[in-house]
Amino acid sequence: MIATESLSKRFPRVTALDRLSVDVGPGVTGLVGANGAGKSTLIKILLGLSPATEGRAEVLGLDVATKGAAIRERVGYMPEHDCLPPDVSATEFVVHMARMSGLPPTAARERTADTLRHVGLYEERYRPMGGYSTGMKQRVKLAQALVHDPDLVFLDEPTNGLDPVGRDEMLGLIRRIHTDFGISVLVTSHLLGELERTCDHVVIIDGGKLLRSSSTTDFTQTTTTLAVEVTDTDEHPDGTRAVREALLARGITVESGSGLPGAGHILLLTAQGEETYDLIRDVIADLGLGLVRMEQRRHHIAEVFTEGDEQRKEAAVHGS
Ligand SMILES: Nc1ncnc2c1ncn2[C@@H]1O[C@H](COP(=O)(O)OP(=O)(O)OP(=O)(O)O)[C@@H](O)[C@H]1O
């Protein structure tokens with residue numbers, strides 16, 4: 001879908017992209033990086049709207065340096081910033097954008113109605129957009145990116161300014177763009193956690209350089225750490241502590257758990273093999289406790305950041 005080769009973009013004072021080489025296949029791909037990492041700059045180059053200083057890039061097999069117009073016919077773009085005229089309705093605006101993309105009037109009207117319904121804006125579609133909430137504006141921006149039935153869409157920070165519920169709804173919509181319509185998606189965010197749930201593949205850039213590009217499952221592969229949660233009983237009012245002590249008596253050290261710093265009701269321990277599972281099950285049964293869950297923990301994308309990036313990782317994970 002997208003291929004870049006040693007792509008650089010230098011502004012007089014800053015290098016926004018620094019010899020970036022990356023391949024993106026079909027599906028939903030997250031492009032993640034802190035503010036200023038170069039995400040918007042990359043999108044503008046890929047749309048043929050801004051020339052690269054060095055290197056090359058292709059979108060859907062088309063060279064961005066010479067085939068910008070052809071790329072924009074087949075690629076939808078949801079820009080980061082608010083760009084909606086306040087005294088125009090969503091229907092008028094999206095029909096206009098559909099006409100700009102070359103759809104004839106009837107098709108533009110039909111596609112607009114379908115697309116606005118898909119993004120959940122059907123009821124309010126005739127009201128002026130000046131009175132819309134942030135979430136509604138983001139949906140209109142998404143609808144105009146989809147209205148000409150592109151093969152690929154670039155969504156620049158679509159969850160920006162949304163509350164947690166709005167964020168989840170937008171992420172669900174993004175997922176469905178691919179599953180329901182087969183449109184591939186490149187979505188940017190400075191929040192690692194939300195991409196982990198939404199994307200098949202994640203590309204991480206930092207200071208215009210590629211930090212990592214891999215499938216989400218590679219990022220979140222299972223570890224050998226087991227998380228165990230149990231119920232309490234009258235006999236064992238702190239069931240977690242009872243399990244920890246019983247396991248310790250059998251030579252298994254719990255890395256985190258009741259009574260240990262920073263622990264909740266979850267015991268974390270390293271599995272030595274199948275027998276560890278059996279032993280935990282037997283210990284819990286002997287104590288007469290209920291097993292709420294026993295599962296292998298997964299890595300989180302945030303863990304790919306190196307020690308030196310700890311602060312930036314925190315900022316990204318906590319959405320600052
Ligand atoms: N037209 C421009 N002129 C000068 N510098 C620019 C220009 N556009 C972007 N930059 C700089 O290039 C760097 C990358 O910016 P870019 O907007 O691509 O980052 P980003 O990852 O999209 O971050 P954000 O989410 O904050 O937009 C930043 O340091 C920015 O200040």
Side-chain angles (χ1 to χ4, degrees), residues 1-22 24 28-57 59 64-65 68 71-72 75-84 134-135 137-138 141-142 144-145 152-163 166-167 170-171 174 185-196 198-199 201-214 219 301-302 304-306 308-309 311-320:
M1 289 269 155
I2 300 168
T4 76
E5 219 180 280
S6 206
L7 195 69
S8 297
K9 177 78 180 184
R10 281 189 284 279
F11 293 109
R13 283 159 187 249
V14 63
T15 299
L17 289 179
D18 194 359
R19 286 162 290 160
L20 185 76
S21 298
V22 69
V24 172
V28 182
T29 300
L31 176 64
V32 68
N35 290 333
K39 307 181 295 290
S40 304
T41 302
L42 176 60
I43 286 184
K44 284 173 197 151
I45 294 175
L46 295 177
L47 285 166
L49 296 172
S50 170
T53 316
E54 261 172 38
R56 56 190 313 276
V59 175
V64 299
I71 290 171
R72 291 191 296 276
V75 177
Y77 172 44
M78 173 178 175
E80 179 178 4
H81 298 293
D82 194 354
C83 53
L84 304 173
T134 306
K137 287 179 181 166
Q138 294 292 65
K141 279 161 56 180
L142 181 61
Q144 64 77 34
L152 172 67
V153 283
F154 295 155
L155 312 178
D156 202 353
E157 300 266 2
T159 59
N160 241 5
L162 301 181
D163 61 22
R167 226 170 243 284
M170 177 57 77
L171 293 170
I174 292 169
V185 179
L186 180 73
V187 50
T188 80
S189 178
H190 58 283
L191 301 171
L192 294 164
E194 62 183 27
L195 294 179
E196 191 172 282
T198 316
C199 300
H201 195 96
V202 174
V203 174
I204 302 185
I205 58 173
D206 189 29
K209 287 187 160 71
L210 181 69
L211 208 60
R212 187 163 168 178
S213 168
S214 25
F219 276 115
I301 291 175
V304 304
F305 278 74
T306 54
D309 289 321
Q311 275 185 328
R312 189 168 30 217
K313 178 183 90 178
E314 281 295 305
V317 169
H318 295 113
S320 63

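Just the heavy atoms: all of them, side chains too, but no hydrogens, waters or symmetry mates, feed the values below. All residue numbers refer to positions in the sequence shown, counting from 1. Just so you know, ligand 1 is whichever comes first in the structure, and atom 1 is the first atom listed for that ligand.
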*So which of His190, Lys9, Lys39 gets nearest to atom 20 (P) of ligand 1, if we judge by its closest heavy atom?*
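The nearest heavy atom belongs to Lys39.
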
*Nearest heavy atom to atom 16 (P) of ligand 1: which of Leu31, Thr41, Asp156, Ile45 does it belong to?*
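Looking at heavy atoms only, Thr41 sits closest to atom 16 (P) of ligand 1.
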
*Any non-hydrogen atom of Gly38 lying under 4.0 Å from ligand 1?*
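Yes, Gly38 has heavy atoms under 4.0 Å from ligand 1.
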
_Any Gly208 heavy atom less than 4.0 Å to ligand 1_ =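 Not so, Gly208 does not reach ligand 1.
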
*Is there a side-chain contact between Thr15 and Thr53 (heavy atoms, below 4.5 Å)?*
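When only atoms from C-beta onward are counted, Thr53 and Thr15 do not touch, as no gap falls below 4.5 Å.
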
*Any non-hydrogen protein atom below 4.0 Å of atom 14 (C) of ligand 1?*
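Yes; the ligand atom in question has protein heavy-atom contact below 4.0 Å.
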
*Does some non-hydrogen atom of the protein lie less than 4.0 angstrom from atom 31 (O) of ligand 1?*
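Answer no: nothing from the protein, no heavy atom, is under 4.0 Å.
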
_Side chain, backbone, both or neither: Val14 near ligand 1, heavy atoms under 4.0 Å_ =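 Side chain only.
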
Looking only at distances, please establish whether an N/O atom of ligand 1 is found under 3.5 Å from an N/O atom of [X].
X     : answer
Phe11 : no
Gly36 : yes
Ala37 : yes

*What residue among Arg19, Lys9, Arg10 forms salt bridge (charged side-chain N to carboxylate O under 4.0 Å, His left out) with Glu54?*
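Result: among Arg19, Lys9, Arg10, Arg10 is the only option passing the salt bridge (charged side-chain N to carboxylate O under 4.0 Å, His left out) with Glu54.
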
